[in-house]
Structure formats: structure tokens, C-alpha cells
Protein chains: 2
Amino acid sequence: MQFASESVENLIEQFSKLPTIGRKSAQRLAAHVLKMPTSEVSRLANALLEAKERVRECSICRNVTDTEICVICSSTKRESTIICVVQDPEDIVALERTGEYRGLYHVLGGVISPLDGVGPDDLHIRPLIERIGTPNTSVTEIILALSPTVEGDTTALYLTQLLTPFSVKITRLARGIPVGLTLTYADEATLSRAIAGRDTMSKP
Amino acid sequence: MQFASESVENLIEQFSKLPTIGRKSAQRLAAHVLKMPTSEVSRLANALLEAKERVRECSICRNVTDTEICVICSSTKRESTIICVVQDPEDIVALERTGEYRGLYHVLGGVISPLDGVGPDDLHIRPLIERIGTPNTSVTEIILALSPTVEGDTTALYLTQLLTPFSVKITRLARGIPVGLTLTYADEATLSRAIAGRDTMSKP
């Protein structure tokens, strides 16, 4: 016996499917939803549908965006000579919070992880090569801003080998980041220091 | 600068409004939603709207239900001589899990809490009196299954005074429940013992 309402049980089940939300948390969230004004519940439901419907990948950097090209790629105030390669759009949010970086980004959409069945072909590596491989490219440096985990390091090494033939400087974030911590949750100060002290991995 | 997508930012904002979900958790949930299949996102959005639309209060016991009268009140297998008074529908789920109790329930919808501006008139006390006050009532016992907090105890005392004139036995759950823990999250064994050892507060 659970709740005497199928709708409530269904809501709890749907909530439980989200990461870090177990049965007890889902139950608490569902109880809260029942007490929320209908307008607030509609707003949450619409936000879910709209995010899924409207959000797409920037055709240049693969960041999340509501438009064809994201605000960073279309900005004239950003240095177009540097591309910072990150795993996920959340990492851009974390790096932007430092206020330290004025270049462009490129979202891989993951890292190489054979155990999870993720290989180089599953990542947005081809569009990155297109950005630096064209004859009139303005890019002179690639910063590999990947988490200092086994998968992040593997991906960084793979990209270094792949990008070395192009005449760009390849750097990676300084090892100021505490090893083991995923990049998204690093604090601003540590990230700032990591950008400032980035290591050269290959010179043209 | 946050996410380069208003839809994503809006979703994060809506998630943050839920209890126990802060900005970081909301960000993680939003990132997960973007990776979910559209069908799954629709299912969550619909579950939210449906729960708000279809769920109402049982006209007898005020439990959550999709029908006029809930499955417990309409069951012929329950003892109609005992009513267990609880704060919220979640408490019924917790009590039903023990398998110890076969009577009926009554949901108050809260407890008396002057600090939160909740008085007796804000609770479903009148429908409870109607259930035991009719001449042909079959109710002989009321179990007050409220959390052993200041508010829960205050409400239990208030109800005891109010219900004493009616010829029903009034009991409360035994103090096997660890004081301070809210009823919803007590474990089955403790709740079972609390039902078995319930104290008499007033005899007809």
C-alpha cells in the first residue's frame, strides 16, 4: 500500500527517476507539489517541456542555446584566438563565473571512457577540428579544460596528439584543481589560478 | 553569466523552488533533463500537471485520492470502529507499511502551530467531529498518531479536550517513537511498537 492516489504515486515514480532523488525525497517533493499553487506547478511543467523543446546545441561550439549560435560565439567582445575545450555546458558556467577568461569555448559533450562505451567518435571532436583546420582560422591556442580524472586526462592526451599537426598552441589548466574533484564544482579561486597557470602541452 | 540558454536558466530557477533543492542540485537536474528522452520529460511534466489536476481530498478522511472517496474509506475490509488521526497523507503511507493497523484514518492537514499561523480552524477537525458525532456512528476509538513534537503534542491535547465529551476512547501512539523525529520517516518496527503500546488518554 502506497498513497491512495495513482496520480501521486506516478509523480513520485517520475521524480525518483531523476539523479540523486530517492523514494523518500520523491515523496517529499510530490507532497510539496500538491501544496503548490497550480500556476507554479504549470510553470515547472512548462519549463521542463520548453527546455527539452527549445534548447539545442550551438552550431559552432555545441554549448546549450535557444538560438542557432550561442551568445558567446556571436559576441564581438570575446577573443576569437583562444578556444577552451570543456566536457559539458555546466563547465562553461563554472569558468565564466571566474571572470578570468575572455576567449571562446568548445563543448565535447563527454570524455573518452571505454568502460561507459564512450569513444572519440561519440564526442564533438570533428567540429573542433573544423574550427581550427580551416585556412583562415584565427585560433592560435586551445586550452584543454577537462577534469583531472583518468577519463579527462585520457581525452586531453588524445586531443593533444590529434591537434599537434595544426599550428596551434595546446595548453591545459594548471594542476591547481584538487585531483578527483569534477570541474563543475570547483570554486572560483581555484579555477582562476588554474587558468592563469596553464601548462603548455605542445607548441607549434 | 549563467547558461547561454534562457530555457535552461528558467528550468534551473523552477527546480530551485522545490524544497531541499539548491542552485547546484537544480543545475545538475536541468543538465539531466536535457539528456533525457523527450518522452520521459513529457511523462514527468504530465505527472506534475495530472497530480495537481486530478488529486483531491477524500470527502470522508481528507486523504489524497483520485476518486470521491479514497480506497481505505471505501474498503469493506477495514475496521470502521477505529479512526487514526494523522497530520499528513504521507503519515498514512508510513503507518500502512507496518501492516499492523486495519482501521480507518483521518488527515488533519497540519498541526496547531501559532508561530506558523496555523490554528485549529485551519485543520480538518470539523469533519472529524462529524464522523464521530452522528448518532449512528460506529467509531469507538480515536488514535492520535501525531509526531511527538511540541506542535504535535499541543494538537493531541487540544483534540483530547475537544473529543472527550463524545463517547469514544482516545489513545495516542506509544512513546516508542524517538522524540524529535517526524512521523513520516520513522521505521516500520518502531511504528509497529508504537501502535501496539498506545496510551489511553481518556475513557468514555
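Reminder, nothing fancy here: chain letters follow the sequence lines and each chain counts from 1.
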Measure the spacing between NZ of A/K17 and CD of B/E40 and express it to the nearest 0.5 Å.
4.0 Å

Taking B/K52 for the side chain and A/M36 for the main chain, is one N or O donor matched with an acceptor at less than 3.5 Å?
yes

Hey, is the main chain of B/S5 close enough, under 3.5 Å, to the side chain of A/D66 for a donor-acceptor pair?
no

Is the shortest heavy-atom distance from the side chain of B/L11 to the side chain of A/V55 under 4.5 Å?
no

Taking atom NE2 of B/H32 and atom OG1 of A/T20, what is their separation to the nearest 0.5 Å?
9.5 Å

Checking heavy atoms, do the side chain of B/T38, its backbone, both or neither come under 4.5 Å from chain A?
both

Note: A/L29 and B/P19 closest approach over all heavy atoms is CD2-O, 3.7 Å

When every non-hydrogen atom of A/A51 is compared with those of B/S7, the smallest separation belongs to CA-CB, 3.9 Å

Under the side chain to side chain contact (heavy atoms under 4.5 Å, CB included) criterion, do B/R54 and A/E6 qualify, and how do the steps go?
CA-CA 9 Å; B/R54 291 188 46 196; A/E6 263 182 52; 5.5 Å; no

Going by heavy atoms in the side chains, are B/D88 and A/K35 under 4.5 Å from each other?
yes

Given the rule in the side chain to side chain contact (heavy atoms under 4.5 Å, CB included) test, do B/S42 and A/L49 qualify, once you have shown the distances and angles that lead to the verdict?
CA-CA 7 Å; B/S42 308; A/L49 296 171; 4.1 Å; yes

Under 4.5 Å from a heavy atom of chain B, the part of A/I21 involved:
side chain

In terms of heavy-atom pairs under 4.5 Å with chain B, the winner among A/I12, A/V33, A/L34 is A/L34

Among B/E50, B/R28, B/E13, B/R56, the residue with the most heavy-atom pairs under 4.5 Å to chain A is B/R28

Name the member of A/N46, A/V64, A/V8 that forms the most heavy-atom pairs with chain B at distances under 4.5 Å.
A/V64

Heavy-atom pair count under 4.5 Å with chain A, highest-scoring of B/A94, B/A47, B/C58, B/A30:
B/A47

Within 6.0 Å of CZ in B/R126, more than 12 heavy atoms from elsewhere
no

In terms of heavy-atom pairs under 4.5 Å with chain A, the winner among B/T65, B/N10, B/T67 is B/T65

Select, from B/G99, B/C70, B/P89, the one with the greatest count of heavy-atom pairs under 4.5 Å involving chain A.
B/P89

Give a yes or no on this: more than 12 heavy atoms of other residues, nucleotides or ligands lie within 6.0 Å of atom CD of A/E57.
yes

